[in-house]
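Quick notes on the structure that follows.
By convention in this document, chain letters (A, B, ...) are assigned in the order of the sequence lines, proteins followed by strands, and residues within each chain are numbered from 1.
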There are 2 protein chains.
Amino acid sequence: MASPEPSTGELGETPLSATQDRILSAALELFGEHGVNGTSYQMVADTLGVTKAAIYHQFKTKDDIVIAVTERELSKLGDALAAAEAEKSHTKARELLLNAVVDHAVEHRRAASTLQFDPVIVRLLAAHKPFQLFVERLYRALIGDDTGPEARLDVAILSSTIGGTVVHPLAADIDEETLRARLLHTARRILGLSG
Amino acid sequence: MASPEPSTGELGETPLSATQDRILSAALELFGEHGVNGTSYQMVADTLGVTKAAIYHQFKTKDDIVIAVTERELSKLGDALAAAEAEKSHTKARELLLNAVVDHAVEHRRAASTLQFDPVIVRLLAAHKPFQLFVERLYRALIGDDTGPEARLDVAILSSTIGGTVVHPLAADIDEETLRARLLHTARRILGLSG
DNA sequence: GTCTATAGAATGATAGAC
DNA sequence: GTCTATCATTCTATAGAC
């Protein structure tokens, strides 16, 4: 079980100690390499050169780690999302958010992909309300108030394309600039923002 | 370790008994739900209503199961791939193969996605030579002999889009016809086959 | 914050009977 | 092809000392 959420429902409100942050970074990298189910307390402890008990002292269950690491990553898009929601022009808002999403995905390839495709995390995203709300805000900012099936399919295609491409073996040797440019172009076409 | 491969390097040559087939189907479904690392012999056995030992009698290691299930799925594209390679027109070949790939992905959503994104399977695909060869043939048939970075990036985007979208929560309620049509359209645009 | 030590369950895998 | 029984290992998790 996770710690009780603060009242605002915002992500990343619970401040993390430096120790906790190091644990989450190690865990996230291992999650990307072996999947959540393939990552144990022992592996995280070995990576940091400490014992399992030291990790348990910070995170009582594995779910706690997964929630914290997901929260930390999602919250990195928080500022961009808030800025997009504050924008009066829908076009500008989308462009702004799209850039932030692609930037994050390209800079943290493994992390971005793990968050989207690991079955354990997918299940958590669907079950944990703060995550649901955040992801829904993200979607709405990208497609506007059109919540019809076609618009939702656009977002599904968009997020699959971005999240999948950044870790695809055939894209492994593509530099960040090229990848970012290509993904932005593809994303705009998917959303119908340009030809 | 897997059984020694036959000389031709073709996929799916080893005929499967009905029992083995039932095991692989159960395993594949569990892989899709919990990931390979989150699926145990016990879970497969429970699904089929037998004991672990019965499963071990057919597949001596977990890797054997993963290889067999991957082989069985990939081989479903074997005929379409061979047909595409036999086509003289590159355009027709690509169109043919693209249809087969999208069809398979839409009809076996979970399976298609698991094969592409599960870390255990990804590692196996990269290490097992018959898989490497088959996947390379697939890529080559889709983009022709242009093996430059841009063409490979096209395939990365293409396969991520297809493999990711079919299991995306936002696409869960989209019917097969709509999904197939939309993916085909998107795929053609990615490969530059139409506007 | 980190350690040793441990409990209890589950895991991958094997041997041998039917 | 399936079963019971077993083994060594690993896993999540806890207790208590430093």
Side-chain angles (χ1 to χ4, degrees), chain A residues 1-3 14-70 72 118-121 123-124 127-128, chain B residues 1-4 14-70 72 114 118-121 123-124 127-128:
Chain A
M1 302 292 152
S3 317
T14 321
L16 296 168
S17 70
T19 306
Q20 287 174 325
D21 210 66
R22 278 168 54 234
I23 292 173
L24 295 184
S25 294
L28 179 56
E29 198 171 324
L30 289 167
F31 288 167
E33 211 168 333
H34 309 284
V36 173
N37 268 323
T39 302
S40 66
Y41 272 84
Q42 190 65 64
M43 293 165 76
V44 177
D46 288 348
T47 299
L48 296 176
V50 296
T51 62
K52 281 191 302 181
I55 313 291
Y56 270 105
H57 183 253
Q58 303 293 336
F59 299 98
K60 295 189 207 302
T61 72
K62 216 176 157 183
D63 267 17
D64 276 349
I65 298 184
V66 177
I67 290 176
V69 80
T70 305
R72 197 185 62 160
D118 189 286
V120 177
I121 296 187
R123 197 159 296 187
L124 256 176
H128 203 67
Chain B
M1 302 294 155
S3 318
T14 320
L16 296 168
S17 70
T19 306
Q20 289 173 325
D21 211 66
R22 278 168 53 234
I23 293 173
L24 294 185
S25 294
L28 179 56
E29 198 171 324
L30 289 167
F31 289 167
E33 210 168 335
H34 307 284
V36 173
N37 267 323
T39 303
S40 66
Y41 271 84
Q42 190 66 63
M43 293 165 76
V44 177
D46 288 347
T47 299
L48 296 175
V50 297
T51 61
K52 279 194 301 179
I55 314 289
Y56 270 105
H57 182 252
Q58 303 292 337
F59 300 97
K60 294 188 206 302
T61 71
K62 214 178 159 183
D63 268 17
D64 276 349
I65 298 183
V66 178
I67 289 176
V69 80
T70 305
R72 196 185 64 160
T114 302
D118 188 287
V120 176
I121 296 187
R123 197 160 297 187
L124 255 177
H128 204 64

*Between B/Y41 (side chain) and B/T61 (backbone), is there a donor-acceptor pair under 3.5 Å?*
yes
_In this structure, how many angstroms lie between the C1' atom of D/dC7 and the OH atom of B/Y56, rounded?_
12 Å
_A/D46 CG - D/dT10 P separation (whole Å)_ = 11 Å
*OP1, OP2 of C/dG1 versus side-chain N and O of A/S17: anything below 4.0 Å?*
yes
*Check every atom of D/dC3, D/dG1, D/dT12 against the side chain of A/S40 and return the nucleotide holding the closest atom.*
D/dT12
*Measure the distance from CD on B/Q58 to P on C/dT14 and round it to the nearest whole Å.*
15 Å
_Value in whole Å for how far the C1' atom of D/dT10 lies from NZ of A/K62_ = 12 Å
*asked:* In whole Å, I'd like the distance from the CE atom of A/M43 to the P atom of D/dT10.
replied: 12 Å
_Out of the candidates B/I65, B/L16, B/T19, only one should pair with B/Q58 under the side-chain contact (heavy atoms from CB on, under 4.5 Å) rule; please name it._
B/T19
*Closest-nucleotide ordering on DNA chain C, the 5'-leading residue of A/H57 and A/K52*: A/H57
*Spacing between A/Q20 atom CD and C/dG1 atom P, to the nearest angstrom*: 7 Å
*N/O donor-acceptor pair under 3.5 Å between B/Q20 side chain and B/S17 backbone*: yes
*d(NE2, B/H34; P, C/dA10) in whole Å*: 15 Å
*Presence of A/Q42 side-chain N/O under 4.0 Å of D/dC11 phosphate oxygens OP1/OP2*: no
*asked:* Using a heavy-atom cut-off of 4.0 Å across all strands, would you classify A/T51 as base, sugar-phosphate, or nothing?
replied: base
*Calculate the interatomic distance between A/D63 atom CG and D/dT12 atom C1'; express it in whole Å.*
12 Å
*asked:* What's the separation between atom CE in B/M43 and atom CG in B/L48, rounded to the nearest 0.5 Å?
replied: 12.5 Å
*Quick one: does B/H34's side chain get under 4.5 Å of A/V120's, heavy atoms only?*
no
*Checking all strands, does B/Y41 fall into the base, sugar-phosphate, or nothing category for heavy-atom contacts under 4.0 angstrom?*
sugar-phosphate
